Structure formats: structure tokens, C-alpha cells
Number of protein chains: 2
Amino acid sequence: MTRLFKSGESLTYPTQEEYLDSISVDCVIFSFHEGEIKVLLNKLLKSENWMLPGGFVRVDENVDDAACRVLNIRTGLDDVFLKQFHLFGECNRLDFSDNKKFIEDLNMDADVAKWYLRRFVTMGYYALVEYTKVNLNVYHDVEELDWFSLNKLPNLYSDHRHIIDGAISSIRIQLGYVPVGFQLLPEKFTMPELRMVYEAIIGKELDRRNFQRKMLSVGLITKLEEKRKTGAHKAPYLYSFNKDRYAEAERSGMYLMSWSSSFF
Amino acid sequence: MTRLFKSGESLTYPTQEEYLDSISVDCVIFSFHEGEIKVLLNKLLKSENWMLPGGFVRVDENVDDAACRVLNIRTGLDDVFLKQFHLFGECNRLDFSDNKKFIEDLNMDADVAKWYLRRFVTMGYYALVEYTKVNLNVYHDVEELDWFSLNKLPNLYSDHRHIIDGAISSIRIQLGYVPVGFQLLPEKFTMPELRMVYEAIIGKELDRRNFQRKMLSVGLITKLEEKRKTGAHKAPYLYSFNKDRYAEAERSGMYLMSWSSSFF
DNA sequence: TCAAAAGTGTTATTGCTACACCCATGT
DNA sequence: ACATGGGTGTAGCAATAACACTTTTGA
């Protein structure tokens with residue numbers, strides 16, 4: 001079985017009849033693990049460069065659904081926070097020397113190869129997923145698939161580094177509108193965990209006590225009675241995210257929390 | 001001369017060799033005039049529906065540049081605040097019955113007609129322009145082109161109403177990051193004018209005095225010595241936007257001003 | 001019993017809201 | 001002279017930043 005670079009599915013090569021020309025989707029899939037923000041990347045066995053999970057758009061498929069499909073194939077996840085953030089439309093964004101290499105490596109037919117030498121603009125999506133819920137779906141015969149810390153990214157294909165940077169800065173800007181922490185953490189989480197998520201995203205330490213007050217004042221999380229033991233110290237309380245309230249807040253104009261300028 | 005729907009240029013029909021398949025750009029061009037936010041729309045003479053100025057992407061052209069080109073053709077403007085806000089990628093977003101109608105009306109060749117019966121995903125851009133600087137470039141033999149108040153929009157083609165709504169809500173969300181007022185107003189403007197822009201965008205009256213204090217506290221506008229006479233009352237001072245400072249603020253993480261939740 | 005990390009509380013400062021008052025101008 | 005709308009100031013309240021002390025727990 002040949003696993004296809006950037007194909008949403010694993011069995012067929014993309015053809016002009018089945019997929020839209022010129023446009024692809026790429027997903028920057030974020031999770032939070034061991035105190036760090038991680039990005040999911042894959043790499044063809046013979047290649048040097050890691051890539052974002054991406055794919056093409058079927059002729060009868062919404063672009064957003066194509067992104068969902070790509071995400072689902074790699075992670076098994078269905079109901080995910082997935083958001084457009086930028087269209088990368090530069091005409092020379094792709095490094096075709098990379099493509100030529102894997103066309104050779106994979107021994108592609110000439111007409112399939114042509115597909116990979118076309119210009120593609122790509123819609124960048126970012127996803128926020130819960131690390132433990134992900135079931136990495138790796139096609140071991142052709143590729144690797146793994147999480148990378150945002151601070152220690154490997155060599156990346158074409159403009160994919162640029163795409164990742166765009167995703168993270170979009171998230172920073174949207175911090176007031178998007179319930180980032182709750183998407184990245186499991187149902188029950190501790191306040192220190194939530195704070196670590198924010199600290200990792202903005203790259204800055206936050207005051208423990210002020211952070212807690214602020215988060216609680218928004219009214220979207222509920223304190224539970226349970227605690228979690230995490231080492232040689234007092235056990236922190238668990239909290240849960242109030243999805244109903246969030247849905248309501250989202251309808252009525254959203255705006256979760258205002259961060260003062262000095263926050264950044 | 002045949003003016004072409006959605007073609008960036010006016011003289012040639014788009015063909016598969018010259019333009020990217022499947023993707024188009026649409027510009028929601030905003031200005032501010034007589035206390036209202038206006039949107040620039042065009043309409044084929046024989047059609048009922050108004051459209052956003054849009055176009056296709058040349059095979060050797062960045063998508064963002066295509067949007068610039070579309071904007072430039074209609075307004076004559078060059079250096080404009082133009083920003084992606086959403087990709088409209090639904091596979092049934094276009095109303096082909098509309099397209100069939102103008103294919104007939106314009107008496108298009110069969111192979112050109114085919115182009116207009118394809119699926120296109122469209123990148124939505126919004127632009128903020130200064131009303132007085134715009135030179136409307138109308139192709140009188142085939143179309144009308146005019147400003148419409150955001151509150152009194154005419155019938156719109158396909159999903160263009162939806163696109164406009166998306167643009168305005170993006171702007172609302174980005175109010176803290178984008179120097180909206182300064183883009184929409186001329187170099188010299190009065191504080192009441194600036195306030196009216198914000199009021200028009202958020203659809204809410206703002207306190208004169210608090211608004212002034214807030215705007216000045218950001219440090220991006222300079223009070224001038226001149227005043228402008230505007231009727232039977234005290235003449236308001238003129239202010240100017242400090243572009244250098246803004247450029248600096250933009251580099252160093254931006255964030256112009258934080259609006260408290262109650263602002264919305 | 002000590003270090004590490006959590007919980008809670010206080011105070012000073014800043015920012016925001018909601019006002020009141022004065023000033024310039026055309027009719 | 002008066003209505004209209006702009007300029008400036010202030011008191012009360014709310015949010016934020018900075019910081020101290022206590023509690024729990026494993027080693």
C-alpha cells in the first residue's frame with residue numbers, strides 16, 4: 001500500500017477529477033503535554049523534512065470538511081476545535097525540489113507526479129486537541145508521525161515553518177475569544193495546568209493568584225470537590241469547563257476575557 | 001468591450017491557462033461617509049443582484065496580490081489596508097442559476113460559460129479605504145458600481161451577503177488590533193469623527209469624553225493646532241495618526257487598545 | 001522537618017464609568 | 001440669547017498587579 005503525501009485518503013492518488021486543483025489544506029494540530037505545546041508532524045521515511053498533516057479538497061467537499069478529514073485520519077478525533085487562520089497564497093511558496101525528490105523516492109507515475117509539481121495555495125487551519133484522546137494513526141511503511149515541542153521543531157518542508165508561526169500568532173491574538181485552555185486540557189484539570197497552558201502559549205510566566213482569580217471571575221469553570229495528587233505538596237483542586245455557559249457566551253457576542261496590554 | 005464578471009481585468013475572459021481553477025477572491029471594501037459605514041458593490045446592468053468586487057488569481061500571482069489588483073481596478077487605490085478574513089469554501093456556496101442568467105445575458109461562448117459553472121472557493125478580504133481618495137472606475141456599458149450603507153444593503157449575489165457579514169464581524173473582533181478609524185478617515189480628522197467611526201462599527205453610542213481619553217492614552221494620535229468649522233458650535237480640534245508609532249507598536253506585538261467586555 | 005507547590009487574602013494603583021460644567025459659534 | 005456640540009475635570013467604583021502568609025504532602 002502506498003501512503004500518499006498530502007492525500008487525505010491513503011489508497012488513491014489525487015486526480016483532477018476527484019480533487020480541486022490549486023487548493024490544499026494544512027492543519028497545525030496543537031496539544032499540550034508535559035508542560036509544553038506540541039505540534040503534530042509527519043515525515044516520509046525517505047525524506048529529511050517534516051510536514052504538517054495536509055490534504056486536498058474533494059470536488060464535492062467543503063474546504064472546512066477537508067480539514068476535518070485530514071485531522072481525523074491522523075488523530076482519530078471527530079469533534080475538534082478547528083479553525084481557519086490564514087490562506088498561504090504565494091505563488092512560489094512550495095519548494096518543488098523537495099517534491100521532485102519524493103516523486104522519485106515513491107516512484108510515482110508521470111501523470112501523478114504532475115499533480116505534485118502544480119502550484120497549490122493552502123488554507124491553514126489550527127486545531128486544539130487533547131493529547132490523551134489522540135490515537136496516532138501512522139502508516140509505518142511510508143511515514144513517521146509524531147508530536148514535536150513548539151520550541152524544538154525539526155526541519156520543515158517548504159513554508160510549513162512559516163505556517164506554524166502563523167498559527168501560533170493567530171492563537172495569541174485570539175486568546176480572548178477562544179477557550180484555549182479548555183480545548184487543550186482534559187475534562188478535569190487543575191488550575192496550575194490551565195495556567196501552564198497559557199504560559200506556554202504567551203511564553204511568559206503569570207502570577208498564580210491573579211490568574212486564578214481572573215479565570216474564576218469569567219464564570220466558565222466550575223470547581224470540583226476532588227483533588228489530584230501530583231507530588232510532594234498540597235494536592236490541587238480539579239476544575240471543569242462549563243460547556244453550556246460557553247456556548248451561551250459564544251452566541252451572545254462572545255468575548256471570554258479581556259487581557260490588558262501588559263499581559264503580552 | 002465586454003466587461004467581465006469577476007475578472008480582474010476587463011478585456012479578457014479567464015481561461016484555465018491564465019488563472020487558477022477553483023479559487024477566487026472577493027473584496028469587501030469599506031469606507032466611511034456621512035456618518036455611515038459604506039460597502040462598495042457592483043452590478044451587471046441586466047442583473048438584479050449586486051456583487052462584491054471580485055476576481056480570479058493569475059497562475060503567476062500571489063492570492064493577496066490578486067485581491068490588491070481587484071481593489072485597485074475599482075478604486076484606483078494602491079496602498080490600502082487589505083486583510084484576509086475568511087475562506088468561503090462550501091461546495092454549494094454559489095447560486096448557479098444566477099450565473100446561468102448572466103451567461104445568457106452576456107451571450108458567452110460555451111467554453112467561457114463552463115468557467116462560470118465551475119465550483120469556486122473564494123478568499124474573503126476586507127479593505128478599509130478613505131472615501132474621498134476613491135476614484136470609482138465604472139464600466140458604464142456593462143455595470144453599475146456604487147457605495148451602499150451597511151444598514152441598507154441591496155439584494156446580493158449568492159453568498160455575498162454572508163461574506164459581508166463575515167467581514168464586519170471580523171473587524172469587530174479585531175477592533176483592538178487594527179487601527180480602523182485611521183484607515184477610514186483622512187489624514188486629519190476630528191475626535192467626533194473618529195468616534196463616529198467606532199460607533200458605526202459597533203452599532204452603539206460611546207461616551208464622548210471617555211472615548212477621547214482612551215484614544216489619546218494609546219499615544220498613536222497627535223493633536224494639531226488647527227480646528228475645523230463644522231456648524232453652529234465650537235470648532236473641534238484636528239488630530240493626525242502617528243504612522244511611525246503605529247508601525248513600531250505593530251512590530252513589538254501590536255495590541256493597540258484593550259476594550260473591556262462591556263464595550264461590546 | 002524541610003522543600004515544593006498549592007490555597008487564600010490584602011493593599012496600592014490603575015483604569016473605567018458616569019457624570020457636570022464651561023466654551024465657541026451660527027442663527 | 002440660545003441651542004448645538006465641543007473641550008476639560010472629577011468622584012466612585014471595578015479591575016489589576018504585587019505581594020505574604022498558611023496548608024498539605026512526600027521524602
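Model, not experiment: these values are computed from the prediction. To find a chain, count down the sequence lines: A is the first, B the second, and so on, and within it residues start at 1.
- One can place NE2 of His233(A) at 16 Å from C1' of dT22(D), the figure rounded to the nearest angstrom.
- Counting only distance, with no hydrogens or angles, the side chain of Gln84(B) and the backbone of Leu87(A) share a donor-acceptor pair below 3.5 Å.
- An OP1 or OP2 oxygen of dA5(C) is reached within less than 4.0 angstrom by no side-chain nitrogen or oxygen of Lys229(A).
- Side chain of Arg213(B), nearest nucleotide from dG9(D), dG7(C), dG6(D): dG9(D).
- Atom P of nucleotide dG9(D) and atom CD of Gln212(B) are separated by 11 Å, given to the nearest angstrom.
- Comparing Ser217(B) and Pro192(A) by the nucleotide of DNA chain C that holds the closest heavy atom to each, the one mapping nearer the 5' end is Pro192(A).
- For Arg213(B) and Asn210(B), the side-chain atoms include at least one donor-acceptor pair closer than 3.5 Å.
- One finds no side-chain N or O of Lys214(A) lying less than 4.0 angstrom from the OP1 or OP2 phosphate oxygen of dA14(D).
- In this structure, Phe211(A) atom CZ and dG9(C) atom C1' are separated by 19 Å, rounded to whole Å.
- Checking dC19(D), dA6(C), dG26(C) against the side-chain heavy atoms of Arg208(A) singles out dA6(C) as nearest.
- dG7(D) atom C1' lies 14 Å from atom CD of Glu225(B), rounded to whole Å.
- Residue Arg209(B) places no side-chain atom within donor-acceptor reach of the base of dG7(D), judged by atom type and a 3.5 Å distance cut-off alone.
- In terms of position along DNA chain D, the nucleotide closest to Asp207(A) lies nearer the 5' end than the nucleotide closest to the other residue of the pair Asp207(A) and Lys234(A).
- Ile202(A) and Arg172(A) get closest at one heavy-atom pair: CA-NE, 3.8 Å.
- Look at CG on Leu216(A): it is 12 Å from P on dG9(C), rounded to the nearest Å.
- For Arg69(A) and Asp65(A), the salt-bridge test fails: no basic side-chain N is under 4.0 Å from an acidic carboxylate O.
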